[in-house]
Amino acid sequence: MQEIVRSLYESINKLRATIDKRMEVSEQRAKAEYRYRTELGREMARAKAEGMANTALYDYCRGLENVAKLRESRDILVAQEEYLTELIFFYRASIRVYEGEAAAERKGL
């Protein structure tokens with residue numbers, strides 16, 4: 001029983017740490033999204049002022065190195081956020097398993 005309780009507490013602590021980390025990553029992602037969109041808008045305005053056609057404007061500006069690097073940073077943070085979300089689901093499931101094992105052991109099963 002002590003081993004089950006120890007595993008349960010470990011999973012709870014890992015869940016709490018993962019939730020905190022996900023919050024940090026979410027904030028970083030939001031800031032990266034802001035930087036990417038504002039830079040993309042600036043570049044689109046600049047290219048439009050230089051006479052670029054509207055049909056090519058968006059794709060051209062997304063391909064600029066400074067915009068592409070910002071998008072890459074944003075996409076990495078999105079992937080980290082998704083990973084941490086899945087990890088939260090995993091820890092929740094493992095907590096339920098440990099709770100079930102503890103309940104079964106209390107009943108003597």
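A quick note: this is a predicted structure, and the numbers were derived from the prediction, not measured.
- Taking CD from E3 and CG from L8, the interatomic distance works out to 11.5 Å, rounded to the nearest 0.5 Å.
- Taking a cutoff of 4.0 Å between a charged side-chain nitrogen and a carboxylate oxygen, R35 and E39 do not qualify as a salt bridge.
- Put simply, V78 and L40 are part of two different groups of oily side chains (I, L, V, M, F, W, Y) that touch within less than 4.5 Å, one to the next.
- Around atom CE of M23, no more than 12 heavy atoms belonging to other residues, nucleotides or ligands sit under 6.0 Å away.
- With respect to the salt-bridge test (charged N to carboxylate O, under 4.0 angstrom), the residues E72 and K69 do not qualify.
- Between E65 atom CD and L70 atom CG the span is 11.0 Å, to the nearest 0.5 Å.
- Separating the CZ atom in R71 from the CG atom in D75 is a distance of 5.5 Å, to the nearest 0.5 Å.
- Residues R96 and E99 are not paired through a salt bridge, judged by the lack of any N-O separation under 4.0 Å between the basic side chain and the carboxylate.
- A salt bridge links E50 with R46; the closest basic N to acidic carboxylate O contact falls under 4.0 Å.
- Cluster annotation: Y83 is connected to I88 through the hydrophobic network of ILVMFWY side chains, with a link wherever side-chain heavy atoms come within less than 4.5 Å.
- Note that the CD atom of E10 and the CD1 atom of I95 stand 11.5 Å from one another [nearest 0.5 Å].
- Both L64 and Y58 are assigned to one and the same hydrophobic cluster, defined by single-linkage of ILVMFWY side chains at heavy-atom distances under 4.5 Å.
- In the hydrophobic cluster analysis, where Ile, Leu, Val, Met, Phe, Trp and Tyr join through side-chain heavy atoms closer than 4.5 angstrom, F90 is grouped together with I19.
- Heavy-atom minimum distance, V25 versus E81: CG1-N, 3.8 Å.
- Of the possible donor and acceptor atoms, none in the side chain of E43 sits under 3.5 Å from a partner among the backbone N and O of C61.
- Heavy atoms only, all atoms of each residue included: N54 and K48 are closest at OD1-NZ, 2.8 Å.
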Take F89 and R92 through the side-chain contact (heavy atoms from CB on, under 4.5 Å) test and state the conclusion after the steps. CA-CA 5 Å; F89 292 142; R92 285 181 179 168; 4.0 Å; yes
side-chain contact (heavy atoms from CB on, under 4.5 Å) evaluation trace for R74 with L77: CA-CA 5 Å; R74 191 248 353 228; L77 289 167; 5.9 Å; no
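- Here CG of L84 is found 9.5 Å from CD of E24. Values are rounded to the nearest 0.5 Å.
- Nearest heavy-atom pair across I4 and Y98 is CG2-O, 3.5 Å.
- In this structure, the separation between CE on M44 and CZ on R37 is 11.0 Å, given to the nearest 0.5 Å.
- Using a 4.5 Å cut-off between side-chain heavy atoms of Ile, Leu, Val, Met, Phe, Trp and Tyr, with links allowed through other members, V97 and V5 fall into different hydrophobic clusters.
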